[in-house]
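Here the structure is a predicted model, which is why all the values come from computation and not from measurement.
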Amino acid sequence: MQALDGIDLCVPAGSVSGLLGPNGSGKTTLLRVLATSLLPDQGEVRVLGRDALRVPNQVRRLVGVVLSDERSFYWRLTARQNLMFFAALHGLDGRRARARVAELGGWLGLGPELDKPFRNLSTGWRHRLAIARALLADPPVLLMDEPTAGLDPAAAERARRLLRERLAGELGRTVLVASHNLDEVRAVCDRVALVHQGRLRLEGPAAEALPRAAEWFAAQAAEEPA
């Protein structure tokens, strides 16, 4: 079975676009392909004009990624130490790294959690830290898998405002959000694409595509055995 099958999708620069679909539909696989951590068997992938198959290193410098199964933080280090380490990998020196970590901590409300060991953080705090790490190098493109998973309502609303108002609105970043949550996508996205069984089922402006996506989800739920 193909994970992705003939998807033809264009994400407008400076937009927040939603990639909807049930679990197992191919959303995360598509994000990994765009991030160059997976290579497709065929087809073409371009990020800001760069060919992700031919110049993956260039594409990686353009993209920040938040995945729902993030496992690469160091458990014995504090949240701040983790961010400082990854900032160094992005070429930020000590002063710039400290300023950037403090700035992102304020945006995401990390507060005193920054100085707690990663192993002591709850799932929600770890997810906020993953968002902060994706933003360290101020990438022009963000790929986010379930960006508010595990967050309480207040933290989820803060993350949505960050995406829509600051990153896309003020800074003009391009954001692609993968989610199975219609309400999440409705709250932040300009455009919506629906993926199921690795295929693109519909795509368009949110105002047009979301009602059709809601009908599709309702039809799928009706077909499931009670």
On a heavy-atom basis, the closest approach of Arg128 and Ala155 is NH2-CB, 3.1 Å
Is there a path of hydrophobic side-chain contacts, each under 4.5 Å between heavy atoms of I/L/V/M/F/W/Y residues, joining Leu121 to Phe86? yes
Asp138 and Arg173, any side-chain heavy atoms less than 4.5 Å apart: yes
Side-chain contact, heavy-atom cut-off 4.5 Å: His127 with Val66? yes
For the residue pair Arg126 and Trp75, would you count it as a cation-pi contact if the rule is NZ or CZ under 6.0 angstrom from the ring centre and within 45 degrees of the ring axis? yes
Quick check: is Leu38 connected to Leu4 through a chain of hydrophobic side chains (ILVMFWY, heavy atoms under 4.5 Å apart)? yes
side-chain contact (heavy atoms from CB on, under 4.5 Å) with Arg50: of Val45, Thr36, Val55, Asn57, only one passes, and it is Val55
Do the ring centers of Phe85 and Tyr74 come within less than 6.0 Å of each other? yes
Could you walk me through whether Leu142 and Leu167 pass the side chain to side chain contact (heavy atoms under 4.5 Å, CB included) test, one step at a time? CA-CA 9 Å; Leu142 289 161; Leu167 298 177; 3.5 Å; yes
Side chains of Glu184 and Pro147, heavy atoms from C-beta outward: is any pair under 4.5 Å? yes
Side-chain heavy-atom pair Asn120, Trp125 within 4.5 angstrom cut-off: no
Are Leu200 and Val47 grouped together when hydrophobic residues (ILVMFWY) are joined by side-chain heavy atoms under 4.5 angstrom apart? yes
Exercise: identify the closest heavy-atom pair between Ser17 and Pro12: OG-CD, 4.0 Å
Steps toward side chain to side chain contact (heavy atoms under 4.5 Å, CB included) verdict (Arg199, Ile7): CA-CA 6 Å; Arg199 295 184 178 182; Ile7 288 182; 5.6 Å; no
pair Thr78-Lys116: side-chain heavy atoms closer than 4.5 Å: no
Do Leu30 and Val192 sit in one hydrophobic cluster, given that two such residues count as connected whenever their side-chain heavy atoms are within less than 4.5 Å of each other, even indirectly? no
What I'd like to find out is whether the side chain of Leu210 reaches to under 4.5 Å of the side chain of Leu20, using heavy atoms alone. yes
Set out, in order, the CA-CA distance, both residues' side-chain angles and the distance that settles side chain to side chain contact (heavy atoms under 4.5 Å, CB included) for Arg166 and Arg161, then state yes or no. CA-CA 7 Å; Arg166 185 179 293 273; Arg161 289 200 308 270; over 6 Å; no
Hydrophobic cluster identity match, Val141 and Leu53, side-chain contacts under 4.5 Å: no
Pair Ser72-Arg133, side-chain donor/acceptor within less than 3.5 Å: yes
May I ask you to test the Leu48-Pro140 pair for a side-chain heavy-atom distance under 4.5 Å? yes
Let me see the working for Glu157 and Thr148 under side chain to side chain contact (heavy atoms under 4.5 Å, CB included), right down to the final yes or no. CA-CA 8 Å; Glu157 181 56 30; Thr148 63; over 6 Å; no
Taking atom OG of Ser25 and atom CZ of Arg201, what is their separation to the nearest 0.5 Å? 10.0 Å
Find the distance between CZ (Arg98) and CG (Leu92) and round it off to the nearest 0.5 Å. 11.5 Å
Taking the side chain as every heavy atom from C-beta outward, state whether Val63 and Leu34 have any atom pair closer than 4.5 Å. no
